[in-house]
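A short write-up of the structure that comes next.
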Amino acid sequence: MENRRCGACPPVQLRSRLTCPHCGRQQEETMPTDACVYFYECRGCGQVLKPKAGDCCVFCSYGTAKCPPVQAGGGACCA
C-alpha cells in the first residue's frame, strides 16, 4: 500500500515488517501517516519495543520501512 503526496515525490510506504530484537518474530503492520509509534508490544514474547537512541519510533528502529513522517521529510519534495 502506498500514499503519494504529489506527482514528483516518491511514494510513502505505509506497510512495514517489524522484527522483535528479543525473539525474532516478524509482524507486518500499517503505519500511521501523521504520527510516530513510540511503543509496540511484540505478539511473540510480549516485550514492549521502544525506539533505539536517535530514532523517532519503533518502525525506524526495527522495521523494513521508516515511518511515513520520516519518509516524507527525507527529500526536497512537496511540503
Side-chain angles (χ1 to χ4, degrees):
M1 187 187 302
E2 297 177 346
N3 182 20
R4 288 193 181 270
R5 293 174 53 214
C6 78
C9 297
V12 173
Q13 299 298 316
L14 298 180
R15 301 286 293 172
S16 183
R17 181 174 298 277
L18 289 169
T19 301
C20 177
H22 303 285
C23 71
R25 179 183 168 98
Q26 295 186 338
Q27 181 69 40
E28 189 167 310
E29 299 286 351
T30 300
M31 299 179 282
T33 58
D34 59 349
C36 293
V37 177
Y38 195 76
F39 298 107
Y40 179 84
E41 184 174 345
C42 174
R43 294 180 187 167
C45 65
Q47 287 287 324
V48 176
L49 306 183
K50 297 177 188 173
K52 294 177 184 176
D55 285 341
C56 63
C57 71
V58 294
F59 290 104
C60 289
S61 293
Y62 307 109
T64 55
K66 303 286 185 188
C67 68
V70 169
Q71 290 180 56
C77 229
C78 320

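Throughout, numbering of the chain's residues begins at 1 and tracks the sequence. Everything numeric here is computed off the predicted structure, so don't read it as measured data.
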Determine all donor-acceptor pairs shorter than 3.5 Å in which one atom belongs to a side chain in residues 44-70; sequence neighbours excluded.
from, atom 1, to, atom 2, distance (Å)
Asp55, OD2, Ser61, OG, 2.7
Ser61, OG, Lys52, N, 2.7
Tyr62, OH, Lys50, O, 3.3
Thr64, OG1, Arg17, N, 3.0
Lys66, NZ, Cys60, O, 3.0

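- Between the side chains of Tyr40 and Gln27, no donor N or O sits under 3.5 Å from an acceptor N or O.
- Side chain of Gln71 to backbone of Gln13: a donor-acceptor contact under 3.5 angstrom is found.
- For the atom pair CE (Met31) and OG (Ser16), the distance works out to 5.0 Å, reported to the nearest 0.5 Å.
- Residues passing the side-chain hydrogen bond (donor to acceptor under 3.5 Å, both in side chains) test with Gln26, sequence neighbours excluded: Thr19.
- Closest heavy-atom contact between Cys20 and Cys23: SG-N, 3.5 Å.
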